[in-house]
Every structure is written in C-alpha cells, then in structure tokens.
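To start, the structure under review is shown below, and the notes come after it.
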There are 2 protein chains.
Amino acid sequence: MRRDTRLSGVLHVLLHMAEQKEPVTSEALAKAMDTNAVVIRRMMSGLRDHGFVRSEKGHGGGWCLVRDLAKISLRDIYEALGRPSLFAIGNRAQSPKCLVEQAVNAALDQAFDDAEALLLSRLGNVTLAMLSADFQKRLGDRRNRHRLEIVHAS
Amino acid sequence: MRRDTRLSGVLHVLLHMAEQKEPVTSEALAKAMDTNAVVIRRMMSGLRDHGFVRSEKGHGGGWCLVRDLAKISLRDIYEALGRPSLFAIGNRAQSPKCLVEQAVNAALDQAFDDAEALLLSRLGNVTLAMLSADFQKRLGDRRNRHRLEIVHAS
DNA sequence: CAATCATGTAATATCGTTAGTTACATGAGA
DNA sequence: TCTCATGTAACTAACGATATTACATGATTG
C-alpha cells in the first residue's frame with residue numbers, strides 16, 4: 001500500500017529550516033525535497049495553525065520556525081498534521097452485527113490500540129532538537145570519513 | 001488512507017468455518033462476508049500454502065480447517081497473508097543521501113519498529129481458539145439479553 | 001502606485017493499491 | 001458426461017496520496 005510520507009517530509013523541511021536564520025521560501029524547500037511548492041504549503045498549513053511555524057508573504061518572505069526545537073516533539077508534528085491514520089490494516093466493518101466479526105474486531109482493536117499507544121509515546125519522547133543533534137553528528141562523521149580518505153590517498 | 005482488510009476478513013472466514021463440520025464453499029463464505037467468491041479464494045490461497053486450511057474441488061468440496069484452532073495465532077495468519085505492510089505512514093526515501101533525511105528516517109524507523117514488534121507480539125499471543133471462545137461468550141450474552149427481554153415483555 | 005515576490009487555495013490530473021467482476025481452465029464426484 | 005467447486009489471469013472500479021495548474025491575496029520595493 002502506498003504510504004503517507006507527510007510526517008517524514010515535514011520533519012525534513014523543519015530541520016532544513018532550523019539550519020537557516022532567514023525565512024525559507026516554499027520554492028526553496030520544494031527544491032530540496034524534490035517536490036512542488038504547493039505540496040510544501042499544504043503540508044505546512046497545519047503546522048502554522050498550531051503555532052510551530054510562521055509564514056510571511058512578499059519580498060524576503062517564506063517560512064520560519066517559531067518555537068524552540070527542544071519544545072517540539074515528533075508527536076506534536078504528527079498531531080499538527082491532523083493525526084493521519086497510522087495503520088495500513090483495519091477492520092472490514094466498523095460496527096458489525098455478526099458476532100464473529102465483533103470478536104475479531106475486538107481482538108484486532110486491542111492489539112492495534114496498544115501498538116498505537118506505544119508509537120505515540122515514542123514519538124512524544126523525541127524532539128526536533130534531538131533530530132538536529134543527530135544530524136550534526138552525522139555531519140561530523142562524514143567530515144571525519146573524508147579526512148581519513150584524504151590521508152589514505154596521500 | 002484506504003486500509004487493507006484482508007486480515008480481518010480472513011479471521012472472520014476462519015471462525016465461520018470453525019462452526020461448520022462440513023467443507024464450506026467460497027460462494028457460501030462470500031455471501032456471509034458480502035463479497036465475491038474470487039476474493040475469498042485469493043485471501044485463502046496463502047493460508048492453504050501455509051497448511052492452515054485445505055481446499056477440495058468438486059461435489060461436497062470447499063474449504064476446511066486443518067490445524068487446531070488453539071495452534072493458530074493471529075500472527076500466523078498475518079504471516080500467511082504475506083506480511084502486508086502494517087503502517088500507513090512511511091519515509092519519503094529509502095536510503096537518502098541527505099543527512100537531514102537520514103536522521104529523520106532513523107528516528108521514525110526506531111519508533112515504528114518498536115510499535116511493530118509490540119503489535120506482532122500481541123498478535124502472536126492471541127489464538128483462533130480464544131477468538132472462538134469470545135464469540136461463544138458473545139452468543140451467550142445475546143441469548144441472555146433476549147431472555148430478559150422476553151421476561152420483561154410478559 | 002505599480003511591479004514583483006511569496007503565500008493561500010481550489011480544481012484537476014496522475015499513480016499505486018485494494019477490492020470487485022468476468023471469463024475460462026482444471027479437477028472431483030454423482 | 002454433467003455438474004460443482006476451486007485456480008487464476010485479466011480487467012474494472014474506487015480510493016487516497018502526491019503533483020500540477022491557475023488564480024487570488026497580501027507584503028515589499030522602487
């Protein structure tokens with residue numbers, strides 16, 4: 001099944017914005033993400049409504065982060081996107097009359113509810129600041145690898 | 001996103017089959033599930049290949065359960081269906097060059113992997129026998145409700 | 001104030017996946 | 001041999017995420 005990549009996409013955008021002091025245009029973000037500017041605006045509208053980012057029109061306009069990265073969790077972002085459904089698997093009928101199907105739904109619902117609770121809790125424990133730190137670490141690692149390659153080549 | 005309802009559907013079918021001693025035709029199952037016989041056969045083919053059910057052609061043919069209900073977990077069924085993807089949310093790129101996206105993917109993967117592990121473990125702890133028992137209990141409850149209604153009406 | 005830049009948003013197209021249908025082949029049993 | 005039932009391929013329909021186009025709105029600059 002085709003997956004919803006908005007959460008992944010929005011996080012990518014936000015971290016790129018965090019690297020920039022100036023507002024970033026939808027056009028620039030779209031280029032970095034290899035997509036269309038309208039897609040960016042659509043993804044960001046929820047975040048704006050929830051006060052995570054601000055958008056400015058006209059010259060020098062674009063998108064800015066408003067809150068501290070350490071104060072934004074992945075779960076916050078997920079909710080700002082409108083809590084898209086997490087699972088690709090579901091029940092055939094919502095409130096079936098068939099008692100067999102009721103028993104099936106009850107069992108599946110319990111398992112999926114547990115998994116959803118765990119997932120949301122995990123997302124709640126990761127902040128954008130942590131992601132940014134991880135990115136910085138990867139950047140350092142890459143630099144070190146390059147340095148090694150240079151040494152070995154000489 | 002549209003959800004994959006095959007797991008729910010197969011479980012429904014299997015429990016209905018458990019109530020019947022004779023083989024059940026795809027046509028009969030399709031009627032109970034309000035769908036098409038071909039859809040049933042398609043869903044069941046994986047289960048047959050994994051030895052959970054048997055299919056017989058010709059007069060008196062149809063589908064039979066092979067194993068004990070207590071020996072089949074919901075996870076077994078899930079795997080027999082070919083482990084369809086569980087989540088409706090995913091990463092934009094599989095192995096991105098962008099370090100920002102790598103950091104995002106790593107964080108999301110960890111959360112989703114944990115949730116998947118929990119979900120599969122939960123599914124592994126529920127057997128078809130348990131579902132069948134739950135169904136029988138619901139049946140008893142319904143009978144009791146009806147009996148009460150009759151008493152109150154008299 | 002006019003030109004330009006950027007967002008806001010509706011309408012539409014595209015693409016992939018699941019579900020449903022039709023058609024026909026195969027095999028078992030009466 | 002006729003009928004019943006599965007096995008399977010091919011096609012259609014429906015749905016949702018993503019992409020694109022078009023145009024309106026508002027801010028900045030000269």
Side-chain angles (χ1 to χ4, degrees), chain A residues 1-10 12-13 17 20 22-49 52-64 66 78 81-93, chain B residues 1-10 12-13 17 20 22-49 52-64 66 81-94:
Chain A
M1 178 180 285
R2 201 175 185 186
R3 285 172 165 177
D4 182 339
T5 61
R6 278 174 292 179
L7 180 57
S8 165
V10 164
H12 189 175
V13 161
M17 284 170 56
Q20 307 287 326
E22 308 288 300
V24 192
T25 67
S26 306
E27 211 65 56
L29 292 171
K31 196 148 290 180
M33 308 252 310
D34 195 39
T35 182
N36 192 289
V38 175
V39 174
I40 300 289
R41 296 193 188 108
R42 216 146 46 195
M43 286 197 314
M44 302 291 280
S45 72
L47 303 201
R48 183 187 53 227
D49 297 345
F52 295 114
V53 297
R54 219 177 36 213
S55 60
E56 306 282 1
K57 292 181 177 178
H59 282 269
W63 298 89
C64 314
V66 170
Y78 167 73
L81 287 177
R83 307 185 195 206
S85 57
L86 292 172
F87 296 107
I89 285 184
N91 297 330
R92 283 171 9 97
Chain B
M1 177 178 292
R2 198 180 191 183
R3 284 174 167 174
D4 182 339
T5 62
R6 278 174 292 180
L7 180 57
S8 165
V10 164
H12 189 175
V13 160
M17 284 169 57
Q20 308 286 326
E22 307 290 302
V24 192
T25 67
S26 305
E27 211 65 56
L29 292 171
K31 198 148 287 177
M33 307 252 310
D34 196 38
T35 182
N36 192 288
V38 175
V39 175
I40 300 289
R41 295 193 191 110
R42 218 149 41 194
M43 287 197 314
M44 302 292 279
S45 72
L47 303 201
R48 184 189 51 227
D49 298 344
F52 295 114
V53 298
R54 218 177 37 213
S55 59
E56 305 283 0
K57 293 181 175 179
H59 284 269
W63 299 89
C64 315
V66 171
L81 287 177
R83 309 186 193 206
S85 57
L86 292 171
F87 296 107
I89 285 183
N91 296 330
R92 285 170 8 96
Q94 223 42 255

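All chains are named by letter (A, B, ...) in the order of the sequence lines, taking the proteins before the strands, and each is independently numbered beginning at 1.
Side-chain contact between B/R3 and A/S85 is present, with at least one heavy-atom pair separated by less than 4.5 Å.
If you check D/dG7, C/dG8, C/dT22 against the side chain of B/V38, the one that comes closest is C/dT22.
Neither OP1 nor OP2 of D/dA5 sits under 4.0 Å from any side-chain N or O of B/S26. Taking side-chain N and O atoms only, B/R41 has no distance below 4.0 Å to OP1 or OP2 of D/dG7. When the side-chain nitrogen and oxygen atoms of B/S55 are compared with OP1 and OP2 of D/dG7, one or more of them lie within a distance under 4.0 Å. Side-chain N/O atoms of A/R2 include none lying less than 4.0 angstrom from OP1 or OP2 on C/dC15. Using a 4.0 Å cut-off, no side-chain N or O of A/T25 falls inside it from OP1 or OP2 of C/dT7.
In terms of polar N and O atoms assigned as donor or acceptor, the side chain of A/H59 never comes within less than 3.5 Å of the base of D/dT29 in a complementary pairing. Contact annotation: side chain of A/R42 to base of D/dA19, donor-acceptor pair present below 3.5 Å.
Rounding to the nearest 0.5 angstrom, the gap separating the CZ atom in A/R42 from the CD1 atom in A/I40 is 10.5 Å.
Backbone-only contact: B/T35 has heavy atoms under 4.0 Å from sugar-phosphate atoms and none from a base.
Projected onto DNA chain C by closest heavy-atom contact, B/P84 and B/K57 fall at different nucleotides, the more 5' of which corresponds to B/P84.
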